[in-house]
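Report on one structure; see the data block that follows.
Proteins come first, then strands; the chains are lettered A, B, ... in the order of their sequence lines, and each starts at number 1.
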There are 2 protein chains.
Amino acid sequence: MRRMTARPANAHQARLLRLLRDGGPNSRAQLGDQVDLSRSKLAVEVDRLLETGLVVADGLAASRGGRRSHNIRLAPGLRFLGVDIGATSIDVAVTNAELEVLGHLNQPMDVREGPVAVFEQVLAMAAKLKASGLAEGFDGAGIGVPGPVRFPEGVPVAPPIMPGWDGFPVREALSQELGCPVMVDNDVNLMAMGEQHAGVARSARDYLCVKIGTGIGCGIVVGGEVYRGTTGSAGDIGHIQVVPEGRPCACGNRGCLEAHFSGAALARDAEDAARAGRSDELARRLEAAGRLTAVDVAAGAAAGDATSLSLIREGGNHVGQVIAGLVSFFNPGLVVIGGGVTGLGHNLLAAVRTQVYRTSLPLATGNLPIVLGELGAAAGVTGAARLISDHLFSPA
Amino acid sequence: MRRMTARPANAHQARLLRLLRDGGPNSRAQLGDQVDLSRSKLAVEVDRLLETGLVVADGLAASRGGRRSHNIRLAPGLRFLGVDIGATSIDVAVTNAELEVLGHLNQPMDVREGPVAVFEQVLAMAAKLKASGLAEGFDGAGIGVPGPVRFPEGVPVAPPIMPGWDGFPVREALSQELGCPVMVDNDVNLMAMGEQHAGVARSARDYLCVKIGTGIGCGIVVGGEVYRGTTGSAGDIGHIQVVPEGRPCACGNRGCLEAHFSGAALARDAEDAARAGRSDELARRLEAAGRLTAVDVAAGAAAGDATSLSLIREGGNHVGQVIAGLVSFFNPGLVVIGGGVTGLGHNLLAAVRTQVYRTSLPLATGNLPIVLGELGAAAGVTGAARLISDHLFSPA
DNA sequence: CCGCCTTTGTCCTGGCTGTGGAGAAAGTTG
DNA sequence: CAACTTTCTCCACAGCCAGGACAAAGGCGG
C-alpha cells in the first residue's frame with residue numbers, strides 16, 4: 001500500500017481531520033454542525049480531502065429526519081506507530097488513524113543499554129507487528145523517552161537515567177529507519193496526551209498527569225496543549241525536596257521525592273523490611289522471587305500486610321505533599337495518577353487525596369478530582385500516536 | 001473630549017494597535033515589515049484606523065534611504081486608568097495609550113475596610129488625577145485586587161485576606177461609576193504583565209513573577225499569556241508548606257510559606273528580635289517608630305545589623321525552597337521577584353539564588369536568570385493598563 | 001401509495017478581499 | 001542633475017466564500 005503523503009492544505013482541513021480522528025466516522029452534515037463553515041465551503045474541503053485519499057466515503061448515515069447524509073472517515077489503511085520507551089521496558093503499538101490500538105507488544109529492556117540497542121529492539125518489534133498483518137507500513141511514529149527532550153529537534157538532552165542518549169538524534173535516525181515522519185517527546189507528556197485522548201482526562205483543559213514508575217514525572221496540560229517549559233524539562237518533579245536532610249539521591253541532593261518514593265525506592269524499602277523481619281508476607285515473596293517490586297507491595301497490601309500498607313501510605317503522603325504544592329501553584333481542573341505503581345491503586349490514591357485536600361486551599365481543591373489513569377500501558381503508546389497525528393494533521 | 005468608542009474591526013487592526021502600543025509611534029513602512037500584509041492591505045487597514053480616530057498621523061519618519069514614510073501613532077488623548085489595590089495601600093495611575101505612566105498616586109488603606117470604602121477612595125484618586133489635567137476621561141480601566149478573581153466576570157472569589165469582597169461585582173460596579181470598560185485581575189498577575197510590558201521580562205515567553213508583600217503570590221506566564229488556572233487561583237503559593245509542623249498560619253495549617261516569610265511575618269520577627277534584645281539596631285528603630293516593617297529590616301541590613309541579615313537570609317531560603325520546586329516543575333525562562341520586600345534587595349536575591357541553584361536540576365537552572373523586578377510600584381498599575389488595553393485592542 | 005414536510009447536497013451568482021504590478025511621488029547619493 | 005531607492009497610490013485580476021435557489025432523498029401522516 002502506498003503510504004500517506006498528503007497533508008492538510010489549510011486549517012479547515014486540519015480541523016476536519018482532527019474531528020474525524022477524535023470522533024470517528026462522521027456524516028458530512030454532523031461535521032458541518034461542528035465547524036462553522038458554509039455548506040459550500042465544507043463540501044469543497046471534504047472533496048479535496050477525499051481526493052488526497054486521507055479520507056474515504058463510508059456509506060450512509062442514519063437519517064436525522066430527512067435525506068440521509070453520506071458518512072466519511074479517515075482512510076482505514078492509515079497506521080501510526082506508538083513507541084513508549086520506559087526505564088526498564090519498551091512498549092510498541094500500532095494504531096489506526098482514530099488512534100485505536102490494533103496491536104501492542106511489551107518487552108523488558110534496560111534503557112541504559114543505549115539508543116542503538118534499544119532502537120534495534122524497537123524496529124524488531126515494529127517488524128513483528130507488521131508481519132502479523134496489522135500494518136503494511138507506517139504513516140508516522142511517535143516516540144516517548146524517559147527524560148527531557150529538546151522537542152523541536154526530537155533530541156534527548158542531559159537525561160539523568162539514560163546516559164549515552166544525550167544528543168542522540170532520535171527523530172532523525174528513526175525517521176530514516178522507518179521511512180515516515182517521527183516526533184519525539186518525554187514519556188510523561190505522552191501519557192498525559194494519551195489520557196486526554198482516550199482516558200479520564202477527555203474533557204480537561206488544564207490538568208496534571210503524575211507518572212510514578214521507576215522515577216516520577218508530571219505531564220502539564222495548559223489549555224488542552226502539553227506545556228514543555230523553556231528547555232523541555234517542565235514536569236521534572238522527581239527531585240523536589242520532600243524531606244529536609246532526607247535520604248541521599250542519585251542527583252547529589254538529599255530528600256528528593258524520588259529518593260523517598262518511586263518504583264525503585266519502594267522496591268528497596270520492601271526488601272529492607274523483609275530482611276529486617278518486619279513483614280512475613282514480603283519475606284515470603286522475597287524468598288520466592290529473589291527480589292521485590294512494586295507489584296509485590298501491592299499484593300502484600302491486598303493480602304492485608306500492615307508493612308506493605310504503611311509503605312504505600314507513607315509514599316502517598318510524600319507524593320501528596322508535592323502534589324499539594326503543585327495544585328496550589330497550578331490550580332488544575334484534574335489530577336491523574338498513573339505509571340507502574342498504579343497497581344498500588346486505591347490505597348495510594350487515598351493517601352494522596354488526604355494529603356492534598358488537607359494541605360491545599362479550598363478554592364483550588366473544591367472541585368478537584370484526583371483519579372487513577374484508566375489506560376495503563378496503553379496511555380503512553382496512544383499518546384505517542386496522538387503526538388504524530390497532531391503533527392501530520394496540521395497545515396503543511 | 002469624546003472618549004474612545006471604536007474597537008478594532010479585525011485581527012489585523014488589533015495587531016497594528018498592539019504594535020503601536022508596544023513600540024510607540026511608528027512609520028507605515030516599519031509596520032509593514034512586522035505584519036506580513038501586502039502594502040495595499042496595510043494601507044486600507046491603517047486608513048480605517050485613522051478614520052475611527054484610534055490612530056492619528058504624526059509627521060514624517062526619518063528616511064531609510066528613499067522617500068520618507070509617514071508616521072502614525074495611537075491617539076494621544078487616549079487615557080487608561082490603572083488601579084492596584086494592595087492589602088494595605090492603593091495605587092492609582094493614568095497612562096496614555098502606550099502605557100506610559102503620566103501620573104501616579106499612592107494612598108495607605110486597609111483592604112479590609114471593604115469594597116465600598118475602597119472604591120470611594122479609588123474614585124477620589126481618579127478624580128484628583130483628572131483634576132490635575134492629566135486626563136479628561138478614561139477609555140478603560142484595569143483593576144488589581146489582592147486575591148483570586150473569577151476572571152471573565154471580574155468578581156473576587158473567596159479572598160482570604162479581603163473578607164467582604166467575596167462576590168462583589170467589581171467589574172460591573174466600576175464600569176458603571178467610571179463610564180468605561182473595566183477588567184479585573186489578581187494583583188500578582190498584573191505585576192507579571194507590567195514587568196513583561198515595560199520591565200525586566202520584556203522578552204520572556206514562559207516565566208514566573210513572585211510577589212512578596214503582605215502575602216506571597218506568583219504570576220505565571222505561559223507563552224506570553226497570563227495563566228490563571230481552572231478557578232482563577234493559580235499562583236497562590238503562600239500556603240505551600242515549607243516547614244513540617246512549622247508555625248501556625250491564618251489558613252489553619254502549619255508551616256505555610258507565608259507564615260515563615262512575608263512582609264507581615266518579617267515585621268513580627270523583627271519586633272520579636274528587637275524586644276528580645278538580639279538587635280540594638282532594630283530595637284532603636286522600634287523605639288522610634290513604635291512598630292517595625294520590612295523597610296526597617298532592610299535598613300538594618302544595610303547598616304550591617306547581623307540579625308536583620310540573618311532574618312533576610314532565612315526568609316530567602318524559605319522562598320528559595322519553594323521557588324526551586326516551582327522551577328523544577330515549570331521550567332521557566334526567567335524568575336522575577338518583586339513586591340513590597342524588593343527593598344531587601346540583593347541580600348534576599350542572593351539567598352534565593354543559592355537555594356534554587358543548589359536544589360534544582362542543572363537543565364532547569366542552567367540559563368535561568370533570577371532577578372528583581374525593575375518597575376516597583378509602577379508594575380501593578382502598568383499591568384492594569386496593559387490588561388484593559390489588551391481587552392480593548394482585540395477584535396470586537 | 002401519495003402529498004407534504006425536513007434534511008442534505010450541488011450549483012451558481014454576487015460581493016468582498018487581497019495580491020501584485022505599474023507608476024507617480026519624494027528623497028538620497030555621487 | 002542623473003540615477004537609484006524607498007514609499008505610497010491606484011487598479012485590474014483572481015480567489016474565496018456566503019447564501020440563495022433548486023434538486024435529491026428520505027420520513028410521516030393520511
Side-chain angles (χ1 to χ4, degrees), chain A residues 6-20 23-74 394-396, chain B residues 6-20 23-74 394-396:
Chain A
R7 290 279 291 276
N10 58 43
H12 300 309
Q13 291 185 14
R15 178 88 199 283
L16 291 171
L17 290 174
R18 289 178 191 212
L19 281 173
L20 290 172
N26 226 319
S27 75
R28 295 159 96 107
Q30 272 180 307
L31 287 175
D33 295 344
Q34 296 173 70
V35 292
D36 192 41
L37 287 177
S38 70
R39 276 188 314 216
S40 10
K41 175 70 176 154
L42 178 67
V44 169
E45 296 299 354
V46 169
D47 283 348
R48 285 187 194 153
L49 284 175
L50 286 167
E51 265 174 43
T52 66
L54 283 175
V55 153
V56 299
D58 190 41
L60 287 170
S63 168
R64 293 199 294 180
R67 173 175 174 176
R68 293 168 65 194
S69 184
H70 293 266
N71 269 338
I72 56 174
R73 59 172 299 184
L74 291 169
S394 63
Chain B
R7 290 277 292 277
N10 58 44
H12 299 310
Q13 291 185 16
R15 180 86 200 285
L16 291 171
L17 290 174
R18 289 178 192 213
L19 281 173
L20 289 172
N26 225 318
S27 75
R28 295 158 98 108
Q30 273 180 309
L31 287 175
D33 294 345
Q34 297 173 69
V35 291
D36 193 40
L37 287 177
S38 70
R39 283 193 312 262
S40 3
K41 175 70 175 156
L42 177 66
V44 170
E45 296 298 355
V46 169
D47 284 347
R48 286 189 192 149
L49 284 175
L50 286 167
E51 266 175 42
T52 65
L54 283 174
V55 154
V56 299
D58 189 39
L60 288 171
S63 167
R64 294 199 293 179
R67 174 174 173 176
R68 294 169 65 193
S69 183
H70 292 266
N71 267 341
I72 57 174
R73 58 172 300 184
L74 290 170
S394 62

How is [X] classified with respect to the nucleic acid when contacts are heavy atoms under 4.0 Å: base, sugar-phosphate, or nothing?
X     : result
B/S69 : sugar-phosphate
A/S38 : base
A/R28 : sugar-phosphate

What's the [atom1]-[atom2] distance between [X] and [N], to the nearest Å?
X     : N      : atom1 : atom2 : value
B/N10 : C/dC16 : CG    : P     : 15 Å
A/R64 : C/dG9  : CZ    : C1'   : 13 Å
A/D47 : C/dT10 : CG    : C1'   : 10 Å
A/L60 : D/dA24 : CG    : P     : 17 Å
A/R67 : D/dA24 : CZ    : P     : 9 Å
A/H70 : C/dT7  : NE2   : P     : 17 Å
B/R48 : C/dC16 : CZ    : P     : 11 Å
B/D33 : D/dC8  : CG    : P     : 11 Å

- Task: Could you work out which one of D/dC17, C/dT10, C/dT8 sits closest to the side chain of A/H12?
- Result: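 Comparing D/dC17, C/dT10, C/dT8 against the side chain of A/H12, the answer is D/dC17.
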| query | Heavy-atom distance under 4.5 Å between the side chains of B/D58 and B/I72, does that happen here? | reply |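 No, every pair of side-chain atoms sits at 4.5 Å or beyond.
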Is there side-chain contact between A/R15 and A/R18, with heavy atoms separated by less than 4.5 Å?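 No; the side chains remain at least 4.5 Å from each other.
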side-chain contact (heavy atoms from CB on, under 4.5 Å), paired with B/L50, selected from B/D47, B/T52, B/L54: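 Going through B/D47, B/T52, B/L54 one by one, the side-chain contact (heavy atoms from CB on, under 4.5 Å) with B/L50 is satisfied by B/D47 alone.
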Of B/V56, B/L20, B/V55, which is the lone residue that meets side-chain contact (heavy atoms from CB on, under 4.5 Å) with B/R73?
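With B/R73 as partner, side-chain contact (heavy atoms from CB on, under 4.5 Å) holds for just one option, B/V56.
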_A/Q13 side chain to A/A9 backbone, donor-acceptor under 3.5 Å_ =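 Pair found, side chain donor or acceptor close to backbone of A/A9.
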Starting from the 5' end of DNA chain D, give me the residue, B/R68 or A/K41, whose nearest nucleotide shows up first.
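It is B/R68 whose nearest nucleotide is closer to the 5' end.
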Task: Side-chain N,O (A/S40) to OP1/OP2 (C/dC11) below 4.0 Å - done: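 Looking at the OP1 and OP2 atoms of C/dC11, neither is under 4.0 Å from any side-chain N or O of A/S40.
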